[in-house]
2 protein chains.
Amino acid sequence: MLRLSKKIEYALISILEVEKHANLEPVSAKFISRRYNIPGELLGKVLQTLVRNNILNSVQGVKGGYALSRSLGEISMLDVMEAIDGPVALTACIDGDFNNCDQYPSCNIRVSMEVVQNDLEIFFAGISMQDLKTKSNNIFIISEMDKLKSANKKNLFREKIN
Amino acid sequence: MLRLSKKIEYALISILEVEKHANLEPVSAKFISRRYNIPGELLGKVLQTLVRNNILNSVQGVKGGYALSRSLGEISMLDVMEAIDGPVALTACIDGDFNNCDQYPSCNIRVSMEVVQNDLEIFFAGISMQDLKTKSNNIFIISEMDKLKSANKKNLFREKIN
DNA sequence: TTAAATACGATAAATTTAGTCCTATTTATG
DNA sequence: CATAAATAGGACTAAATTTATCGTATTTAA
Ligand code: SF4
Ligand code: SF4
């Protein structure tokens with residue numbers, strides 16, 4: 001449930017690796033594939049998709065490879081997820097194919113799921129690749145979670161306006 | 001990507017429906033199945049699972065059915081998701097089978113994914129079924145999203161402690 | 001005694017995800 | 001200019017997961 005796809009993981013791993021080579025030669029798919037033990041053909045496709053979505057730049061030919069098209073701080077987790085797997089959609093109806101849902105006519109959760117969807121997009125848009133890099137060696141302090149929880153709760157399901 | 005399973009949707013729909021009958025007879029799976037056009041056998045399993053996880057109570061026999069075991073405010077979306085589909089785990093390693101991941105030895109996102117996972121659990125723990133009921137007829141105000149976004153960002157990826 | 005209901009294991013069907021194969025194109029280098 | 005290393009991408013296969021069904025047992029009001 002709510003598992004990231006392997007392709008997303010490959011994308012996140014690759015973006016952080018590419019950034020480490022920022023001032024050097026572009027990094028090849030084969031290099032990343034070997035370094036992180038990722039199936040080469042599949043990784044190629046993932047990187048190509050990131051290029052199409054303007055997250056990476058590519059250089060073709062012998063000394064070719066990939067580089068960042070913008071800084072880590074300007075790439076959100078949501079950007080990566082949407083680039084690789086298409087729009088994040090908590091439900092089928094949000095994704096547009098509501099006529100493919102047998103519950104649509106009577107559904108009692110549809111509108112609230114849109115609210116959750118909005119908050120969830122904000123959640124992932126608020127996490128940048130720079131954050132992932134920075135925290136990669138840190139430990140989240142569990143005892144701090146209560147404060148975070150109450151702070152977070154305030155933000156969700158705001159009072160009705162209008 | 002990040003789609004709720006149909007079973008989760010059936011659970012959420014059912015919990016809200018069961019609550020509407022709070023002071024009446026217990027609601028049968030068949031009633032909910034017809035009302036929301038949900039496959040009966042599958043819905044039965046979903047409701048049984050909610051009973052096993054102390055979210056619903058059941059009454060067997062002819063006039064049997066289901067009722068809430070606690071108020072909507074005391075049931076979080078996370079409770080429901082975990083009851084139906086098991087622990088929410090953003091990655092395989094978080095779910096415990098890290099020896100099934102070929103990237104584990106070299107992975108550069110593992111620790112940060114744990115951070116995201118924690119925040120995500122807080123996110124869904126902070127949404128109660130009462131919230132879903134209350135908001136089912138409201139509209140989220142898009143223009144308010146910026147404020148929410150910046151407030152939300154502050155909570156994520158806290159400064160390193162220790 | 002009967003019928004309506006929950007309980008639940010086993011299995012099948014459908015869908016999605018993960019990975020492979022193949023071919024084309026680009027380009028640095030000898 | 002020939003070669004080899006690299007990206008680009010379509011088509012396909014395999015694996016895994018999700019969704020749904022089947023069958024049987026048990027409970028209980030009427
Ligand atoms: S209509 Fe309801 S059940 Fe159908 S996809 Fe939307 S939220 Fe889910
Ligand atoms: S080790 Fe890294 S790649 Fe493997 S499951 Fe964990 S986060 Fe994902």
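Values below: all heavy atoms of this structure, side chains included; hydrogens, waters and symmetry mates excluded. This one's a predicted model, so the numbers in the text were calculated from it and none came from an experiment. Within every chain, numbering begins at 1; the chains are lettered A, B, ... in the order of the sequence lines, protein sequences first and strands thereafter.
Summary of helix geometry: the two end axes of the helix from C:dT1-D:dA30 to C:dG30-D:dC1, each defined by five base pairs via their C1' atoms, are inclined to each other by 0° (rounded to 10°).
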Review item, nucleotides 11-16 of chain C N/O atoms under 3.5 Å of protein N/O:
none

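Note: CG (B:Leu50) to P (C:dT6) measures 13 Å, nearest angstrom. Put simply, CZ on A:Arg52 is 8 Å from C1' on D:dA8, counting in whole angstrom units. Atom-to-atom, CZ of B:Phe31 to P of C:dA4 comes out at 17 Å; the value is rounded to the nearest Å. Atom CD1 of B:Ile32 is separated from atom P of C:dA5 by 12 Å (rounded to the nearest Å). The interatomic distance linking A:Leu56 (CG) with D:dT7 (P) rounds to 11 Å, in whole Å. For A:Tyr66 and C:dT26, the OH to C1' distance is 12 Å, given to the nearest whole Å. What separates CD1 of A:Ile8 from P of C:dG19 is a distance of 14 Å, to the nearest Å.
Nearest approach of B:Gln117 to B:Glu121, heavy atoms of both residues: NE2-OE2, 2.5 Å. Of all heavy-atom pairs spanning A:Ser112 and B:Leu132, the tightest one is OG-O, 3.3 Å. Pairing each heavy atom of B:Gly126 with each of B:Asp131, the nearest pair is O-OD2, 3.7 Å. Across all non-hydrogen atoms, the minimal contact from A:Leu90 to B:Leu2 is CD1-O, 3.2 Å. A:Pro105 and A:Asp102 get closest at one heavy-atom pair: CD-O, 3.8 Å.
When heavy atoms are screened at a 4.0 angstrom cut-off, A:Gly44 is found touching no nucleic acid atom at all.
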Exercise for the section: Between protein and nucleotides 18-26 of chain D, map the contacts as a letter string: B base, S sugar-phosphate only, - none, heavy atoms under 4.0 Å, written 5' to 3'. Expected result: -SSBBB---
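Of the candidates C:dC8, D:dA8, C:dA28, D:dA8 carries the atom nearest the A:Gln48 side chain, counting heavy atoms from C-beta on.
With the nearest nucleotide of DNA chain C identified for both B:Gly64 and A:Val59, B:Gly64 has the one nearer the 5' end.
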Contacts table for residues 40-51 of chain B: side-chain donor-acceptor under 3.5 angstrom, sequence neighbours left out:
unit_1, atom_1, unit_2, atom_2, d
B:Gln48, NE2, B:Gly44, O, 3.4
B:Thr49, OG1, B:Lys45, O, 2.9
B:Thr49, OG1, B:Arg52, NH2, 3.2

N/O donor to acceptor pairs below 3.5 angstrom from side-chain atoms of residues 79-88 of chain B, sequence neighbours left out:
unit_1, atom_1, unit_2, atom_2, d
B:Asp79, OD1, B:Ser76, OG, 3.3
B:Asp79, OD2, B:Ser76, N, 2.9
B:Asp79, OD2, B:Ser76, OG, 3.2
B:Asp85, OD2, B:Ser5, OG, 2.8

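Taking 4.0 angstrom as the limit, A:Ser58 places none of its side-chain polar atoms (N or O) nearer than this to OP1 or OP2 of D:dA6.
Around the NZ atom of A:Lys7, the shell of radius 6.0 Å holds no more than 12 heavy atoms that belong to other residues, nucleotides or ligands.
In this structure, A:Asn37 contributes its side chain and B:Gln103 its backbone to no donor-acceptor pair below 3.5 Å. Between the side chain of B:Ser69 and the backbone N or O of B:Ile55 there is at least one donor-acceptor pair closer than 3.5 Å.
Scored by the salt bridge (charged side-chain N to carboxylate O under 4.0 Å, His left out) test, B:Arg34 finds no partners at all (sequence neighbours excluded).
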